[in-house]
Amino acid sequence: MAKILVTGGAGYIGSHTTLLLLEAGYEVVVIDNLSNSSLESLRRVEQITDKRVTFYKVDLREENKINDIFTEHEIESVVHFAGLKAVGESTEIPLDYYEQNVYGTLSLLKVMERNNCFNIVFSSSATVYGDPASVPITEDFPISATNPYGRTKLFIEEILRDLSVSNDKWRIVLLRYFNPIGAHESGLIGEDPQGIPNNLMPFVSQVAVGKRDKLSVFGNDYDTVDGTGVRDYIHVVDLSDAHVKSVEKIKEFEGVSTFNLGTGNGYSVLQMIDAFIKETGKPVPFSIEPRRPGDIAECWADASLANQKLDWKAERGLSEMIKDTWRWQNQNPNGYDN
Ligand code: NAD
Ligand code: UFG
């Protein structure tokens with residue numbers, strides 16, 4: 001069976017995708033510098049699947065070491081997750097974001113080209129739609145960036161488009177994720193944010209488990225159903241499944257293919273809190289605070305293109321997303337640091 005290289009495979013989405021790739025019968029080689037993750041995630045993936053992962057602790061920017069890995073393994077396709085991802089932090093240390101995300105990707109692409117590996121699935125983000133003029137969002141909406149993190153995604157997308165023009169052997173899949181939440185149903189792997197979580201659901205579940213006093217709801221004066229921000233939350237296992245489908249179909253595609261990955265449903269912050277309390281029976285104290293700079297009112301996907309071309313659809317609803325988030329949080333109150 002073909003070998004797949006997963007960059008950032010010890011991270012949140014990477015570990016779930018590695019698991020599904022192993023279950024689908026692929027051999028998986030993971031590279032990760034472990035800057036935002038722990039090797040324990042991959043140990044647990046091995047425990048769940050009873051299969052082995054080949055792991056290298058290496059940074060994307062270490063071109064020679066990555067080249068050695070391509071020499072050692074015949075890699076058919078790359079699934080590229082590795083990078084920094086905190087929007088707020090990216091405004092404070094933009095050079096680190098450009099270096100790790102953009103330069104790191106250039107280093108990877110050079111090695112791929114040198115080793116005749118031309119298939120890549122890239123983690124892009126709905127952040128490339130900026131503040132969309134309307135919802136739902138289709139892939140042909142104009143793209144823009146409002147912060148350095150988003151701009152790295154935009155630049156990498158453009159670099160990949162240039163690359164596809166330079167050589168028609170390239171098969172590139174850009175996956176634009178909406179808001180991934182949830183965890184594997186085993187409760188053994190999940191999202192393990194370092195420090196104070198930036199994202200809504202990890203924060204809510206840390207409040208529910210007693211690690212934090214209360215949630216701040218950032219703004220209730222948006223033009224939405226109840227004034228709070230609306231997003232398209234998608235179960236991480238559904239999201240990961242789209243990567244397996246992309247790897248399966250990538251050779252049928254030409255040049256660059258771009259897909260939104262969302263459910264097509266939007267939920268407000270207050271609806272998410274209500275649903276969480278209903279599913280878990282845990283209280284989630286919160287207060288209404290000012291808007292977070294850079295946030296948009298609402299954002300949800302039209303994911304019908306992924307349905308047509310990848311034969312993929314998000315299967316898991318909100319209740320499953322919340323139950324799985326909670327199982328992971330409850331069984332691992334300190335993440336992988338138990
Ligand atoms: P994560 O931080 O859990 O995973 C990223 C992994 O990459 C980590 O294990 C980290 O140690 C590793 N890494 C970072 N820089 C590296 C480098 N220079 N060399 C080698 N390894 C490096 O994040 P995630 O939530 O799993 O996100 C994966 C990808 O999806 C990222 O590219 C992210 O920008 C993108 N994305 C995430 C979201 C989200 O909400 N989680 C939304 C849209 C897009
Ligand atoms: N929110 C709160 N309190 C919190 C955290 C978030 O009220 O403590 C609100 C936000 O204001 C927003 C919603 O919850 O209305 C979702 O916020 P997240 O931070 O969970 O997600 P975002 O949509 O802001 O950002 C996510 C990813 C980004 C990506 C973006 C667009 O984290 O990486 O989606 O794809 F760029």
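When a ligand or atom number is given, it counts from 1 through the structure's own listing order. The model shown is predicted, which means the values in this text are computed figures rather than measured ones. We number each residue from 1, following the sequence as shown.
Annotation: atom 26 (C) of ligand 2 to nearest protein heavy atom, N179 ND2, 3.6 Å. The nearest heavy-atom contact from the protein to atom 12 (C) of ligand 2 is R231 NH2, 3.7 Å. Of the protein's non-hydrogen atoms, S216 O, 2.7 Å is the one closest to atom 3 (N) of ligand 2. The nearest protein atom to atom 28 (C) of ligand 2, hydrogens excluded, is given as V87 CG2, 4.2 Å; this is a heavy-atom distance.
Residue contacts with ligand 2 for P197 are absent, since no atom lies close enough (heavy atoms, distance under 4.0 Å). Contacts of Y177 with ligand 2, taken as heavy-atom pairs under 4.0 Å, involve the backbone alone. Counting heavy atoms under 4.0 Å from ligand 2, residue T127 touches it through both backbone and side chain. Here L215 has side-chain heavy atoms under 4.0 Å from ligand 2, and that is the only part of it that gets that close. With a heavy-atom cut-off of 4.0 Å, N199 touches ligand 2 through backbone and side chain alike.
The shortest N/O to N/O separation between D59 and ligand 1 falls below 3.5 Å. Between L60 and ligand 1, at least one pair of N/O atoms sits closer than 3.5 Å. Checked by distance only, ligand 1 and R61 stay at 3.5 Å or farther apart across all their nitrogen or oxygen atoms. Checked by distance only, ligand 1 and Y149 come closer than 3.5 Å through their nitrogen or oxygen atoms. An N or O contact shorter than 3.5 Å links S37 to ligand 1 by distance.
Taking every non-hydrogen atom of G11 and a distance limit under 4.0 Å, the qualifying atoms of ligand 1 come out as 3 (O), 4 (O), 9 (O). Each of the atoms 13 (C), 16 (C) of ligand 2 lies under 4.0 Å from some heavy atom of Y233. Applying the 4.0 Å criterion to heavy atoms of V217 picks out, from ligand 2, the atoms 7 (O).
Taking the six-membered ring for Trp and the full ring otherwise, Y177 and H243 have centroids separated by under 6.0 Å.
The closest heavy-atom contact to atom 20 (O) of ligand 2, among the options V128, L200, V269, comes from L200. Comparing heavy-atom distances from atom 29 (C) of ligand 2 across S125, S90, G294 singles out S125 as nearest.
At least one test fails for R231 against the ring of F178: distance under 6.0 Å to the centre or angle within 45° of the axis.
Contact detail for G150 and A145: the closest heavy-atom pair is C-CB, 3.8 Å.
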